[in-house]
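Report on the following structure.
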Amino acid sequence: MDLYIGIDLGTSSVKLLLVDGNGVIKNTVTKEYAVFYPRAGWCEQNASDWWGAICAAISELLCGFDGPNVKGIGVAGQMHGLVVLDENDKVIRPTILWNDGRTSKETAYLNEEIGKGKLFEYTGNIAFAGFTAPKIMWLRENEPESFAKISKIMLPKDYINYLLTGTHCTDFSDAAGMLLLDVKNKAWSGEMLDICGIDESVLPKLYNSFEVVGRIKAELAEKFGINPDAVVVAGAGDNAAAAIGTGTVGDGCCNISLGTSGTIFVSSNRFSGDEKQAIHSFCHADGGYHLMGCILSAASCNKWFCDEVLGTKDYKSEEMGVPKEKLGKNEVFFLPYLMGERSPINDTDATGIFIGLRPNTTHADMYQAVLEGVAFAIKDNLEVIKQLGIDIKSSCLCGGGAKSRLWIEILANALNIELNIPVTEQGPGYGSAILAMIGAGKFESVKQATDKFFKIKETVRPHEELVRLYANRYEKYRKIYPAVKELYKEIKE
């Protein structure tokens, strides 16, 4: 039986899947690595830690399996991170990650001086602090020595593909999040390159996610016992790959992910921009396009509250402690802006807030408020998508947060949509394995593959009374951020 490796290069860990030609997951291995916070609002990683974790994981992944049967490898990864290489392809500095907020000055310059209208014309998007272009501008201004050494600019998963094949490459879905790509025309934007002060030669070659970028290096094939003819595909940004893994392909399909960050992802056959410029317009891994709203802190809010505030990792017990009769009736609200926020408010100064605390407030009330706050933040994005004339009735749900039954119920009723839980929920890693199958010639298209593999395990439907209660709570929630927006700036000064 042919085998395929899907790699999900996440923020706190990398997850590898070994998948057979029937879409059955044969083995999984996860390896963690460090995240560094050099200053408040900054977030970095060492690219060497990714590669070390992946090499260790591949050996474990293939233990007991026939490595020569591996026909293809696909890598999905955290988006927007700035990986810079020198003329010898050595990493110049730690990677500035997607949730790093240091570029507020550069982001403001792009949106206010260059202008949102021009940015939208050049790229189909406006500037957000997490995007790659503002990071390049920050590097030019604050670390000119590092900027001067740049020979190649890459994204996290593209650096892994380079180490696997020796090819400098990226795919359209990941490149779309750099604010350097003319998304509609799928080409690098000359205007944005000029603004950032870089030449197109420092950027990798563009591919569709399912296209082959090379074969695994001979020395790596020998090291891991893998078929030396195994192909490596361009792969995809994590959200686009997760969408492939949940069958979110074609026109009008929706996927919601509750990972470290949270996203709502709507696939489309054609490019469509958000005129209000609060939602991303990106390329999809199926060769089409998608709209996406992204909140920077989702499951990470749950992890923070349990680990740091409650001092526990027993998330299940905390979930069980929330009375079902309390759903929709909690007096406590939570703004989940632990790392600032992207969509739709685009505010790097925003922070997390609890409001509504009283002497009889329990930690269960606060825990429930955390889950509800993330659900409401996703609803903020859903409301913008609705304003574009897109009516979402149902969505797939994936990510670590989707393991929480309580959170699923809160989300279904807060959003007032049906949530489809897939049989195989492995997110980006599974999607990247499917892309590897297409590159290896097993399928002719992404749609053909997902039609065969994607199955729904369960559909969770909203309940009329809870929908009413959560609609009332959302109307109160949405007034909190505007009331404290200016205060955030004062606190920061």
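Hydrogens, waters and symmetry mates are skipped; everything else that's a heavy atom, side chains included, is used.
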Spacing of CG belonging to Asp8 relative to CD belonging to Gln78, to within rounding of 0.5 Å: 9.5 Å
When rounded to the nearest 0.5 Å, the distance separating OH of Tyr122 from OG of Ser189 is 7.5 Å
Can you find a heavy atom in the side chain of Ile216 that is under 4.5 Å from one in the side chain of Thr165? no
Glu341 side chain vs Leu296 backbone, donor-acceptor pair below 3.5 Å: yes
Measure the shortest side-chain to side-chain distance between Val266 and His290 over non-hydrogen atoms and say whether it is less than 4.5 angstrom. no
Are the side chains of Leu419 and Ser395 in touch, meaning some heavy atoms are under 4.5 Å apart? yes
Is a donor on one side and an acceptor on the other found under 3.5 Å between the side chain of Glu211 and the backbone of Tyr207? no
Take Ile73 and Leu164, measure what side-chain contact (heavy atoms from CB on, under 4.5 Å) needs, and give me the verdict at the end. CA-CA 9 Å; Ile73 301 172; Leu164 287 170; 4.2 Å; yes
Can you tell me if Ser281 and Asn125 form a side-chain donor-acceptor pair at under 3.5 Å? no
Hey, does the side chain of Asn227 reach the backbone of Lys71 with a donor-acceptor pair shorter than 3.5 angstrom? no
When every non-hydrogen atom of Leu371 is compared with those of Trp407, the smallest separation belongs to O-NE1, 3.0 Å
Any chance you could lay out the side-chain contact (heavy atoms from CB on, under 4.5 Å) test for Ile392 and Leu382, step after step, and finish with the verdict? CA-CA 8 Å; Ile392 304 298; Leu382 178 62; 4.0 Å; yes
Is the closest side-chain heavy-atom distance between Phe131 and Arg342 below 4.5 Å? yes
Can you name the closest pair of heavy atoms from Ala243 and Phe265 and give their distance? CB-CE2, 3.5 Å
Take Ile198 and Phe147 through the test side-chain contact (heavy atoms from CB on, under 4.5 Å) and record every step on the way to the result. CA-CA 10 Å; Ile198 58 175; Phe147 183 82; 4.1 Å; yes
Test: Glu32 and Lys15 ion pair at under 4.0 Å: no
For Leu338 and Ser300, the nearest pair of non-hydrogen atoms, with its separation, is CD1-O, 4.4 Å
Assess, by modelled atom type and distance only, whether the side chains of Trp50 and Thr95 contain a donor and an acceptor separated by less than 3.5 Å. no
If we ignore hydrogens and angles and just use 3.5 Å, is the side chain of Asp238 paired with the main-chain N or O of Ala76 as donor and acceptor? no
What's the verdict on side-chain hydrogen bond (donor to acceptor under 3.5 Å, both in side chains) for Trp98 and Thr11, showing C-alpha distance, side-chain angles and the deciding distance? CA-CA 9 Å; Trp98 58 273; Thr11 308; 2.8 Å; yes
Could you check Thr246, Asn255, Thr459 and say which one makes a side chain to side chain donor-acceptor pair (under 3.5 Å) with Asn420? Thr459
With a 4.0 Å cut-off on N to O distance, would you call Lys393 and Glu418 a salt bridge? no
Between Ser173 and Asp171, is a side-chain hydrogen bond (donor to acceptor under 3.5 Å, both in side chains) present by the stated rule, with each step listed? CA-CA 6 Å; Ser173 75; Asp171 80 294; 2.4 Å; yes
Identify the two heavy atoms, one from Leu110 and one from Pro134, that lie closest to each other, and give their separation to 0.1 Å. CD1-CG, 3.9 Å
Does this structure show an ion pair linking Arg405 with Glu409, if we count only N-O contacts that are shorter than 4.0 Å? yes
Say whether, by atom type as modelled, one donor and one acceptor occur between the side chain of Asn346 and the main chain of Ala127 under 3.5 angstrom. yes
Can you check whether Leu291 reaches Ser272 side chain to side chain, under 4.5 Å on heavy atoms? yes
Are Lys447 and Asp286 ion-paired here, with the side-chain N under 4.0 Å from a carboxylate O? no
Counting neighbours of CD on Glu444 that are heavy atoms of other residues, nucleotides or ligands and sit closer than 6.0 Å, is the number greater than 12? no
Evaluate Glu383 against Lys379 for salt bridge (charged side-chain N to carboxylate O under 4.0 Å, His left out), listing each step before the verdict. CA-CA 6 Å; Glu383 293 302 305; Lys379 185 175 177 67; 3.4 Å; yes
Would you call the rings of His280 and Phe282 parallel, tilted or perpendicular if under 30° counts as parallel and over 60° as perpendicular? parallel
Give the intermediate values and the outcome of side-chain contact (heavy atoms from CB on, under 4.5 Å) for residues Tyr159 and Lys152. CA-CA 10 Å; Tyr159 179 63; Lys152 195 65 67 177; over 6 Å; no
So does Leu17 get a backbone contact from the side chain of Lys26, meaning a donor-acceptor N/O pair under 3.5 Å? no
Please step through ring-ring contact (aromatic ring centres under 6.0 Å, His included) for the pair Tyr289 and His284, ending with a clear verdict. CA-CA 5 Å; Tyr289 298 91; His284 192 4; 9.8 Å; no
Phe128 and His80: aromatic ring centres closer than 6.0 Å? no
Would you call Asp174 and Lys157 a salt bridge, taking side-chain N to carboxylate O under 4.0 Å as the test? yes
Tell me, please, which residues at least two apart from Ala433 pass side-chain contact (heavy atoms from CB on, under 4.5 Å). Val19
Between Asp182 and Asn185, does any side-chain donor sit less than 3.5 Å from a side-chain acceptor? yes
Does the pair Glu60/Lys31 count as a salt bridge with the N-to-O cut at 4.0 Å? yes
Report, as yes or no, whether the 6.0 Å neighbourhood of atom NZ on Lys186 holds more than 12 heavy atoms from other residues, nucleotides or ligands. yes
Checking the side chain of Thr248 only, and the main-chain atoms of Ile244 only, is there a donor and an acceptor separated by less than 3.5 Å? no
Measure from NZ or CZ of Lys303 to the centre of the six-membered ring of Tyr315, then state whether that distance is under 6.0 Å and the direction lies within 45° of the axis. no
Tell me if a side-chain donor or acceptor on Asp158 pairs with a main-chain N or O of Met154 at a distance below 3.5 Å. no
Taking C-beta and beyond as the side chain, do Arg102 and Glu44 meet within less than 4.5 Å on heavy atoms? yes
Which atom pair, heavy atoms only, marks the closest approach of Gly245 to Phe454? O-CD1, 4.3 Å
More than 12 heavy atoms of other residues, nucleotides or ligands under 6.0 Å from CD of Glu121: yes or no? yes
Would you say Asp20's side chain and Gly23's backbone share a donor-acceptor pair under 3.5 angstrom? yes
Compare all side-chain heavy atoms of Ile25 with those of Leu18 and state whether any distance is below 4.5 angstrom. no
Can the ring centres of Phe453 and Phe443 be said to be less than 6.0 Å apart? yes
Listed once per pair and sorted, the side-chain hydrogen bond (donor to acceptor under 3.5 Å, both in side chains) pairs that draw on residues 82-91, sequence neighbours left out: Asp89-Tyr162, Asp89-His168
Keeping the roles fixed (side chain from Asp49, backbone from Gln45), state whether a donor-acceptor pair exists under 3.5 Å. no
Distance, nearest 0.5 Å, that separates CG of Leu9 from CG of Leu16: 9.5 Å
Would you check if Cys254 and Ile264 make a side-chain contact, meaning some heavy-atom pair closer than 4.5 Å? yes
Grab the two heavy atoms, one from Leu180 and one from Leu203, that are nearest each other, plus how far apart they are. CD1-CD2, 4.0 Å
Should the heavy atoms of other residues, nucleotides or ligands under 6.0 Å from NZ of Lys149 be counted, would the total exceed 12? no
